[in-house]
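The structure appears right after this line, and notes come after that.
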2 protein chains.
Amino acid sequence: MAFTDTIPDNCPPRTHAAKRVSILEAATDVFCREGYAGANIDMIAAEAGVSRQTVYNHHGDKEKLFIAVVRALTERTNAGIFATLARFPDQPQDLESDLTEFAVRLNRNCICNSDGKHLRKLIEMEGQRYPELFAGWREEGPGKTWTALAARFARLAHAGHLELDNPDIAARQFLGLINAELDVSMALGDKIDEHRARSAASNAVRTFLRAFGRH
Amino acid sequence: MAFTDTIPDNCPPRTHAAKRVSILEAATDVFCREGYAGANIDMIAAEAGVSRQTVYNHHGDKEKLFIAVVRALTERTNAGIFATLARFPDQPQDLESDLTEFAVRLNRNCICNSDGKHLRKLIEMEGQRYPELFAGWREEGPGKTWTALAARFARLAHAGHLELDNPDIAARQFLGLINAELDVSMALGDKIDEHRARSAASNAVRTFLRAFGRH
DNA sequence: GACGATTTGGACAATGCTGTCTAGAAAAAT
DNA sequence: ATTTTTCTAGACAGCATTGTCCAAATCGTC
């Protein structure tokens, strides 16, 4: 037995886990670039620097591999969103600039980064084919994000910083405004530079505050 | 020669054209459902009620067929958007309800209808692989839509119905707000019923007017 | 250094798809 | 009615891909 006490039965140590990760990363890239049907295991193996057999050893199946990719991506993306959400300006010094900073982070770290783009593309491409798989994402992702963000806005309103009648709708519209200037570029895979992310965020926040700010 | 004088060289009459259309429709469905790589000619032929050879006769190639599909879809969608744009409320009776009506039409006839969903999906799936093809869409579609809509808003502002400092940004944000509540459902392929389209539009317009309406 | 587990690279059958080709049926044009 | 064109259905070669199998090489551990 090559197993170590501290690591459970099915997981031999060292490079094993490292390879599993590179395979997952390579698979993410290839699936996103080529789509599920267009991706082939040899590409993934080559891009992971691993033999084809190893891919099969780790993930068993093209479909299982795809599912693993989506799960990993969803988890990372959700974690990122909540990490950013944790820095929401609950006691803002300057509401506009604090909210803008928050929006910039949301764009940069969650929506326009590679995980965000990848996940978005996989959902758009294969969402219909794997309804159960992405139903999970929907509840854990947008579902919880919206209510969490809505709660933050409600608190701001309660503290007198905003005038809202429906925090839930406001939360969605906040996200919609943030994406308004970027979604076409995102769909075509353009690179979004820091400057565009900032100006998109600041325009969004300005309008948001025109609608819901205290005057 | 079986050609008629009134019809150019390459286009024999009757059912020929009809079949070309059914092939294009079937191809649109199949490409959207399965992605480019996942689609196969036999499916398309079967769904069009036509033999495989006929597909090749009409469009020559899987790739040429795909390009024809995208072109047709882009043209129809753009035409639809400009038709809707032509009914923009330039002399509004009741700004809020007129804008809402406009937004509902935009959702129902351009964005959430089957052409809109198909085009969106193809762009998301294959946009990277055919940059030139979709660059055309971008200029003719979103590009012109934005400036046209911005011009309408600018006129409304000039007539004293809105308070805008940047009609261009306002136009994009208007579209962003309209989609804010729908994009997740769209990505997962849900059916958007009339009621949801209306409430999304009316929420969007209410917020838009809170930001840019005259008070 | 010896052991067990993992990895490699290559071969392999099975399958599915593209695009071509054919001969005959069907449809349109004359 | 005849002729020309398009359509069908199926066969076909060529190719790519999936997933399995195996012997040899490699790696980590004892």
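Chain letters run A, B, ... following the sequence lines, proteins first, then strands; residues in each count from 1.
- Taking 4.0 angstrom as the limit, B:Thr54 places a side-chain polar atom (N or O) nearer than this to OP1 or OP2 of D:dT8.
- The CG-C1' distance, from B:Asp42 to C:dT15, rounds to 14 Å in whole Å.
- With C:dT8, D:dG19, D:dA11 as the candidates, the nucleotide lying closest to the side chain of B:Arg52 is D:dA11.
- Looking at B:Ser202 and B:Val205, their side chains never come closer than 4.5 Å, going by heavy atoms from C-beta outward.
- B:Phe31 places a side-chain heavy atom less than 4.5 Å from the side chain of B:Lys62.
- Taking only side-chain atoms of A:Ser51, from C-beta outward, the nucleotide of C:dT7, C:dT20, C:dT18 with the closest atom is C:dT7.
- Between the CG atom of B:Asn40 and the C1' atom of D:dA16 there is a distance of 14 Å, given to the nearest Å.
- Protein atom CZ of A:Arg20 is 10 Å distant from nucleotide atom P of C:dT7, rounded to whole Å.
- Within 4.0 Å (heavy atoms only), B:Ala39 reaches sugar-phosphate atoms of the nucleic acid but no base atom.
- Distances from the side chain of A:Tyr56 to the nucleotides D:dC22, D:dT18, D:dT8 place D:dT18 closest.
- The pair B:Arg198-B:Glu194 meets the salt-bridge criterion, since a charged nitrogen lies less than 4.0 angstrom from a carboxylate oxygen.
- B:Leu65 has its CG atom 13 Å from the C1' atom of C:dG19, to the nearest Å.
- For A:Asn57, the listed nucleotide lying nearest its side chain is C:dT7; candidates were D:dT17, C:dT7, D:dT20.
- Distances from the side chain of B:Asp61 to the nucleotides C:dT18, C:dT8, C:dG19 place C:dG19 closest.
- The environment of A:Lys144 atom NZ is sparse: at most 12 non-hydrogen atoms of other residues, nucleotides or ligands sit within 6.0 angstrom.
- Rounded to an integer number of Å, the gap from A:Ile41 CD1 to C:dG10 P is 19 Å.
- The distance between atom NZ of A:Lys19 and atom C1' of C:dT6, rounded to the nearest whole Å, is 8 Å.
- Judged purely by distance below 3.5 Å, without hydrogens or angles, the side chains of B:Gln173 and A:Asn203 never pair a donor atom with an acceptor atom.
- Side-chain nitrogen and oxygen atoms of B:His58 include none within less than 4.0 Å of the OP1 or OP2 phosphate oxygen of D:dT6.
- Taking atom CD on B:Gln53 and atom P on C:dA25, their separation rounds to 18 Å, with Å as the unit.
- In this entry the distance linking NE2 of B:His59 with P of C:dT18 reads 16 Å, nearest Å.
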